[in-house]
Amino acid sequence: MRVQRMGGAVVRRGGASHGGHVYSHPALIRYRSSVCTRATLFVLIVFGLTYIPPLLIAYRSQGFWLKRSTYEEQPVVQFQYQMLMIGATGTAGEFVAWSTFPNFNRLLGNNLRIPSVSVREEDSNQDGKSDRLSLQLAVPLKAGEQIYSIQLLLIFSYQLFRMSTVVMQSLAFIQHSSSVPGSQLFISGDLTLHQRTPLPHRGLHTAYNVSVVDEASPFASAYDLTNIIRAYQERNLTTHLSCPAPVWIVGRAVNAPFQINAEIRYPVDTYRPGFWEVIKFAWIQYISVLLVFLWLFNRIQTFVFQNQIMELSQQSVSAEEDLMLFSFTTRTSPPER
């Protein structure tokens with residue numbers, strides 16, 4: 001065994017070997033100091049600068065806490081075959097109307113126009129859930145009648161199950177008007193879920209599983225669109241038909257009905273994520289910044305301690321399992337001779 005001095009430290013090594021390398025391990029060097037020293041203060045400052053700035057950077061970069069999220073769930077949407085249609089035939093309050101509610105139809109008198117209705121719900125991906133609704137209405141008109149605006153209310157059953165369990169009655173409202181009488185209105189849009197407060201990641205929500213229209217009421221106020229929409233908009237969970245470009249077609253032939261063609265799709269929705277999903281999202285952002293600071297301040301500490309910039313003691317420990325165990329301690333002062 002050979003003994004060498006290296007920078008004031010005594011290092012014992014085994015005898016010269018001409019064989020191949022069979023085992024190696026790093027040496028552990030401990031730097032010791034009293035509590036109330038510059039070295040201790042330096043370590044505390046480095047610790048704070050290593051872990052706190054990454055948190056502030058990740059937080060101030062926006063999106064640190066995941067407030068809402070989306071997931072791939074096709075809602076279970078079913079058209080309830082309930083609708084209410086009002087068409088303006090003049091500028092002096094003339095109108096024609098029809099609905100699937102008998103009490104409302106009895107209130108219409110001569111303004112009632114019973115259309116032919118065609119409804120088809122499609123499941124394009126064959127997952128057992130409807131993906132879209134195709135609706136056609138042909139409203140018969142008397143001679144001389146023209147349609148200048150149309151309002152159509154459609155009622156749906158809307159359900160979610162994967163995260164939050166939601167069971168409710170919702171509606172889609174179609175409205176369009178023109179100064180030129182039309183022959184057809186074409187609508188193509190998405191039935192989207194709107195939330196005043198995002199849904200939690202779990203729980204049962206059936207508060208809105210009630211009829212949007214009070215079809216048992218004999219009073220006209222129960223079928224007034226203003227009252228229906230006002231009460232509907234007070235809810236936290238609603239559905240709206242997003243249609244950026246309705247098509248109004250003019251030039252209706254004599255005695256031809258007014259056509260309404262609607263294509264409504266059912267897209268995915270958003271929810272409020274749970275605690276562990278929020279932490280998982282924030283942790284990734286924090287670690288990505290922390291790694292840079294860990295590398296930087298590790299280099300700084302290594303430089304400061306290896307070059308003995310501050311007064312402290314150094315302890316180096318090396319072990320060879322089942323063969324040798326030794327330790328030595330050196331100080332910044334020169335070794336005694």
Side-chain angles (χ1 to χ4, degrees), residues 6-9 11 21-73 160-165 193-203 267-321 324-333:
M6 298 182 61
V11 180
H21 176 78
V22 294
Y23 178 73
S24 64
H25 64 83
L28 174 64
I29 301 176
R30 294 191 178 97
Y31 297 91
R32 299 183 181 278
S33 176
S34 301
V35 176
C36 299
T37 61
R38 290 186 299 168
T40 303
L41 179 61
F42 172 74
V43 171
L44 292 176
I45 293 175
V46 169
F47 181 86
L49 293 177
T50 300
Y51 291 93
I52 296 177
L55 179 63
L56 297 177
I57 292 174
Y59 181 79
R60 296 296 297 177
S61 62
Q62 304 300 326
F64 183 71
W65 298 118
L66 187 64
K67 298 298 184 181
R68 62 180 61 195
S69 181
T70 60
Y71 64 98
E72 295 295 327
E73 179 187 6
L160 295 172
F161 295 102
R162 180 179 172 185
M163 302 293 281
S164 294
T165 300
L193 179 67
H194 285 240
Q195 309 164 59
R196 293 181 183 273
T197 302
L199 284 170
H201 66 290
R202 61 184 178 181
V268 298
D269 301 300
T270 62
Y271 70 102
R272 189 173 68 243
F275 172 77
W276 290 114
E277 185 175 357
V278 172
I279 293 299
K280 180 178 67 174
F281 184 80
W283 180 255
I284 294 173
Q285 297 182 82
Y286 176 62
I287 288 297
S288 63
V289 181
L290 177 62
L291 289 176
V292 178
F293 281 76
L294 286 173
W295 177 87
L296 175 63
F297 284 101
N298 181 65
R299 292 299 182 93
I300 293 174
Q301 289 188 91
T302 301
F303 174 80
V304 170
F305 293 138
Q306 283 186 347
N307 290 275
Q308 298 291 302
I309 294 177
M310 298 182 180
E311 293 184 0
L312 41 79
S313 64
Q314 171 181 295
Q315 182 183 31
S316 177
V317 179
S318 179
E320 296 178 8
E321 189 173 331
M324 185 185 304
L325 179 62
F326 66 90
S327 64
F328 57 89
T329 303
T330 63
R331 298 184 180 278
T332 55
S333 57

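Residue numbers run from 1 in the order of the sequence given.
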Who are the side-chain contact (heavy atoms from CB on, under 4.5 Å) partners of I45, not counting sequence neighbours?
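Applying side-chain contact (heavy atoms from CB on, under 4.5 Å) to I45 gives L41, L49.
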The criterion is side-chain contact (heavy atoms from CB on, under 4.5 Å); which residues satisfy it with V46, sequence neighbours excluded?
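Checked V46 against side-chain contact (heavy atoms from CB on, under 4.5 Å); matches are F42, T50, F297, Q301.
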Qualifying residue for side chain to side chain contact (heavy atoms under 4.5 Å, CB included) with L296, from I300, V292, L294:
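Passing option: I300.
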